[in-house]
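I have placed the structure first, in the form of structure tokens, so that the comments after it can refer back to it.
Only this structure's heavy atoms are used, side chains among them; waters, hydrogens and symmetry mates stay out. Just so we're clear, the structure is a prediction, and the values are computed from it rather than from any experiment.
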Amino acid sequence: MLATVCIPAAHADEKSPAPAGKESRSGSSAGQTAPDLAPQARSAILMDAATGTVVYEKNSHDKLPPASITKIMTMLLTVEALDEGRLQLTDKVRASEYAASMGGSQIFLEPGEEMSVDEMLKGIAMASGNDASVAMAEKLAGSESAFVEMMNKRAEELGMKDTHFANCNGLPAANHYSSAHDIAVMSRELLKHERIIKYTGSYQDYLRKDSQKPFWLVNTNKLVRFYTGADGLKTGYTSEAKFCLSATASRDGLRTVAVVLGEPNTKTRNSEVASMFDYMFAQYKVHTIHEKGDTLATLKIRKGEKKEIPLVAQENYSLLLRKGIAQNGVRHEEVLLDNVKAPVAKGQTVGKLVVYQGDAKVKEYELKASEPVAKAGWWKLFKRTTGSLFSRD
């Protein structure tokens with residue numbers, strides 16, 4: 001399959017065998033031809049994290065072993081639990097004998113050893129700890145198999161059609177695969193949880209620092225040290241998967257995600273991802289439509305405790321534009337659902353923000369209720385109705 005470009009709208013062991021690159025074709029949302037940014041990768045994609053716009057892709061839906069990039073989903077489920085209050089960074093995670101038995105990259109957990117969630121996230125994000133991943137999975141779901149069910153369910157919710165997980169760490173297993181496209185999708189979702197950058201963007205740290213056996217962590221993703229703006233996300237290697245990386249970098253308000261799978265060695269992997277970053281930052285810019293927290297419109301609600309609520313931007317709404325392209329023709333409108341009736345749940349979709357460039361519709365964002373609205377009791381509805389009968393203009 002040849003590479004195309006869409007228009008907007010494990011082990012961490014670093015060893016080396018060598019595959020050949022595939023022919024690729026690429027372009028951009030401005031209709032200009034881009035170079036083949038990852039000639040040695042078996043599969044690759046370059047995506048704007050804010051909008052999901054794909055700038056470059058090559059065999060991006062091929063189902064391939066993802067190695068330790070699998071751990072992006074493990075981290076995603078962990079930070080979602082943290083943000084929802086089901087887990088605290090200070091909570092203790094106990095390593096079972098099974099978790100401690102994992103081979104490959106590890107933080108050398110002893111059976112029965114306890115670490116905080118904060119420490120486990122360091123071990124997963126920086127050292128690619130297979131043992132830490134299983135311990136975290138058992139903490140969240142009771143067993144790795146139950147956690148894997150959660151992983152596959154979340155992948156389905158995110159529309160990851162090229163993915164099936166068989167474990168939480170990416171060690172070789174039957175029926176365990178993903179694609180560059182799906183990895184970019186879950187990477188983008190992980191980046192919505194800003195706390196993760198503390199872990200994926202750190203180059204070195206310690207575990208058991210004040211103990212007799214301190215463990216020095218060095219990030220397996222060397223780009224976080226050597227590429228300006230790089231702060232994540234996850235490396236991967238197995239003899240089957242070769243060298244893989246899902247990386248992210250941010251400059252001047254533009255955050256990008258680059259994924260390469262099946263690279264021949266770490267040097268080529270890092271070089272091609274750096275080239276992808278360079279291309280994105282040189283060629284593209286972000287046009288901000290609304291910033292997170294902006295009030296967009298007022299939603300009227302029938303038979304609710306409140307007659308109306310403000311619609312607040314839940315994220316930055318933006319458009320990826322090629323540099324040198326005028327943004328005069330960019331406009332947007334809020335399209336709200338008619339006849340919204342209580343109860344309304346927080347996060348319920350109540351409309352959409354439609355972005356146009358000239359006459360072309362280029363992007364849509366779902367608008368969601370920022371607060372719940374309960375159904376009004378009969379007495380409040382009665383007073384509201386009778387009050388309107390006697391009100392004057």
Quiz question: by atom type and distance under 3.5 Å, do the side chains of [X] and [Y] form a donor-acceptor pair?
| X | Y | result |
| --- | --- | --- |
| S43 | N59 | no |
| K71 | S68 | yes |
| S318 | H287 | no |
| R251 | T228 | no |
| T51 | D48 | yes |
| Y365 | N316 | no |
| S128 | T220 | no |
| E308 | T298 | no |

Between [X] and [Y] (salt bridge meaning N to carboxylate O under 4.0 Å), is one present in this structure?
| X | Y | value |
| --- | --- | --- |
| K306 | E371 | yes |
| E364 | K361 | yes |
| R154 | E157 | yes |
| E119 | K122 | no |
| R302 | D338 | no |
| K63 | D182 | no |

Side chains of [X] and [Y], heavy atoms from C-beta outward: is any pair under 4.5 Å?
| X | Y | value |
| --- | --- | --- |
| N270 | L245 | yes |
| K139 | L87 | yes |
| Q88 | V117 | no |
| L311 | E334 | no |
| V373 | L299 | no |

Please determine whether the number of non-hydrogen atoms from other residues, nucleotides or ligands lying under 6.0 Å from atom [atom1] of [X] exceeds 12.
| X | atom1 | value |
| --- | --- | --- |
| E97 | CD | no |
| K368 | NZ | no |
| E156 | CD | no |
| E84 | CD | yes |
| D252 | CG | no |

Are the side chain of [X] and the backbone N or O of [Y] linked by a donor-acceptor pair below 3.5 Å?
| X | Y | answer |
| --- | --- | --- |
| R42 | K242 | no |
| T256 | M47 | yes |
| S271 | T268 | no |
| K300 | I309 | no |
| E114 | G112 | no |
| N265 | K267 | yes |
| N130 | S105 | yes |
| H164 | N175 | yes |
| R269 | C244 | yes |
| K323 | K285 | no |

key: E113 and its salt bridge (Lys or Arg N to Asp or Glu O under 4.0 Å) partner, picked from K92, R94, R208, K213   =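 With E113 as partner, K92, R94, R208, K213 yield a single salt bridge (Lys or Arg N to Asp or Glu O under 4.0 Å), made by R208.
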key: Evaluation steps, side-chain contact (heavy atoms from CB on, under 4.5 Å), between S116 and T90   = CA-CA 5 Å; S116 67; T90 53; 5.7 Å; no
Could you pull out all donor-acceptor pairs under 3.5 Å where a side-chain atom in residues 345-352 meets a protein atom, sequence neighbours excluded?
residue : atom : partner : partner atom : Å
Q348    : OE1  : A345    : N            : 3.0
T349    : OG1  : E366    : OE1          : 3.4

ask   = Does V354 sit in a hydrophobic cluster with other residues, and if so which ones, taking ILVMFWY side chains as linked at heavy-atom separations under 4.5 Å, directly or through other members?
value =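 Noted: V354 shares its cluster with V335, Y356.
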key: Fellow cluster residues of F226, listed by chain then number, with links counted only when side-chain atoms sit under 4.5 Å apart   =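 The other cluster members (ILVMFWY side chains, heavy atoms under 4.5 Å, direct or chained): none.
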query = Do you know which two heavy atoms are closest between S246 and V259, and how far apart they sit?
reply =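 Shortest heavy-atom contact: OG-CG2, 3.7 Å.
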ask   = Can you name the closest pair of heavy atoms from C168 and V148 and give their distance?
value =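 Taking C168 first and V148 second, the nearest heavy atoms are N-CG2, 4.2 Å.
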ask   = Mind checking whether Y317 and H290 have parallel, tilted or perpendicular rings, split at 30° and 60°?
value =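 Ring orientation of Y317 relative to H290: perpendicular.
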message = Is the positively charged end of K58 above the ring of Y56, judged by distance under 6.0 angstrom from the centroid and angle within 45° of the axis?
response =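 The answer is no; the distance or angle limit is not met.
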key: Chi angles and distances behind the salt bridge (charged side-chain N to carboxylate O under 4.0 Å, His left out) call for E189, K192   = CA-CA 5 Å; E189 191 68 22; K192 292 178 181 178; 3.1 Å; yes
inquiry  = For D83 and R195: C-alpha separation, side-chain torsions, deciding distance, then whether salt bridge (charged side-chain N to carboxylate O under 4.0 Å, His left out) applies.
reply    = CA-CA 9 Å; D83 288 350; R195 70 169 79 218; 2.9 Å; yes
